[in-house]
Amino acid sequence: MNKLYHEVQYSKLLIILSGVIIASLMLPIFLEEGGKFPMEIIIITGIALLAITVIFGKLEITLTKESIKANFGLRFIKQEMKIEEMDFSSIENVSVPWIYGVGLRLTPQGTLYNTKFGSAIKIKFKDGKKTFFVGSENTDEIKRKIQGLS
């Protein structure tokens with residue numbers, strides 16, 4: 001696989017929030033004051049936040065001569081578009097409003113994969129029914145490299 005572009009993003013917001021919440025739940029235990037929550041709730045919350053962080057805390061974008069791929073965390077959640085499926089005239093840089101949030105989001109423009117607010121690249125499939133919509137700080141570079149393949 002010959003990579004034309006590769007980017008890895010981490011959701012600092014998600015990582016920090018998860019750490020703060022887990023620490024605040026566990027702090028009373030370490031101070032031996034007893035917690036406000038039962039131990040089972042703390043464990044379940046900690047495991048859930050850890051799983052969410054592992055799954056959605058990292059986004060990887062890879063462009064090759066054959067396809068563009070985006071996947072979260074351990075690559076369970078992924079999106080791929082083959083170059084021959086792309087409508088090259090539809091490629092655009094989109095400003096993503098903060099209200100869309102971060103993670104895997106259903107938006108009016110399509111399913112958005114992102115780890116932070118800002119810009120995204122949006123590409124329509126030739127069939128016009130689906131979109132490849134991924135957040136990146138380097139949308140101009142991705143667009144330029146994709147257009148070089150057309």
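We use all heavy atoms of the structure for the numbers below, so side chains are in, but hydrogens, waters and symmetry mates are not. Quick caveat, the model's predicted, so the values are computed rather than measured.
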Q. Can you tell me how far the CE atom of Met81 sits from the CZ atom of Phe125, to the nearest 0.5 Å?
A. 3.5 Å

Q. Within a reach of under 6.0 Å around CD of Glu92, are more than 12 heavy atoms found that belong to other residues, nucleotides or ligands?
A. yes

Q. If we ignore angles and hydrogens, is there a donor and acceptor under 3.5 Å between the side chains of Glu7 and Ser136?
A. yes

Q | Point-to-point distance, once rounded to the nearest 0.5 Å, from CZ of Phe56 to CG of Leu104 | A | 5.5 Å

Q) For atom CG of Leu74, is the number of surrounding heavy atoms from other residues, nucleotides or ligands below 6.0 Å larger than 12? A) yes

Q | Reference residue Lys69; test side-chain contact (heavy atoms from CB on, under 4.5 Å); the match among His6, Glu80, Arg75 | A | Glu80

Q) Where the side chain of Ser90 meets the backbone of Asp87, is there a donor-acceptor pair that is under 3.5 Å apart? A) yes

In residues 42-52, what donor-acceptor pairs under 3.5 Å come from side-chain atoms, sequence neighbours left out?
from: Thr45; atom 1: OG1; to: Ile41; atom 2: O; distance (Å): 2.7

Q.
Return the NZ to CZ distance between Lys143 and Phe88, rounded to the nearest 0.5 Å.
A. 13.0 Å

Q | Where at least one partner belongs to residues 10-22, residue pairs that pass side chain to side chain donor-acceptor pair (under 3.5 Å), sequence neighbours excluded | A | Ser18-Thr53

Q.
Donor-acceptor pair, distance only, cut-off 3.5 Å: does the side chain of Thr107 make one with the backbone of Gln109?
A. yes

Q | Between CG on residue Leu63 and CG on residue Leu149, distance to nearest 0.5 Å | A | 6.0 Å

Q: Could you tell me whether the side chain of Thr64 and the main chain of Lys3 form a donor-acceptor pair under 3.5 Å?
A: no

Q: Step through the shown structure and confirm whether more than 12 heavy atoms of other residues, nucleotides or ligands are within 6.0 Å of NZ on Lys124.
A: no

Q: Keeping the roles fixed (side chain from Glu85, backbone from Lys82), state whether a donor-acceptor pair exists under 3.5 Å.
A: yes

Identify all side-chain donor-acceptor contacts of residues 19-30 below 3.5 Å with residues at least two apart in sequence or on another chain.
from: Ser24; atom 1: OG; to: Val20; atom 2: O; distance (Å): 3.2
from: Ser24; atom 1: OG; to: Ile21; atom 2: O; distance (Å): 2.9

Q) Taking side chain as C-beta onward, heavy atoms only, is Thr115 less than 4.5 Å from Val102? A) no

Q. Does the Asn114 side chain pair with the main chain of Leu59, one donor and one acceptor, at a distance under 3.5 Å?
A. no

Q. Once you round to the nearest 0.5 Å, how far does NZ of Lys58 lie from CG of Leu14?
A. 14.0 Å

**Q.** Check: Tyr113 ring centre within less than 6.0 Å of Phe72 ring centre
**A.** yes

Q: For Lys145 and Tyr5, indicate whether the former's side chain and the latter's backbone hold a donor-acceptor pair under 3.5 Å.
A: no

Q) Tell me, do Ser119 and Val96 make a side-chain contact under 4.5 Å, heavy atoms counted? A) no

Q) Any sub-3.5 Å donor-acceptor pair from Arg105's side-chain atoms to Tyr100's backbone N or O? A) yes

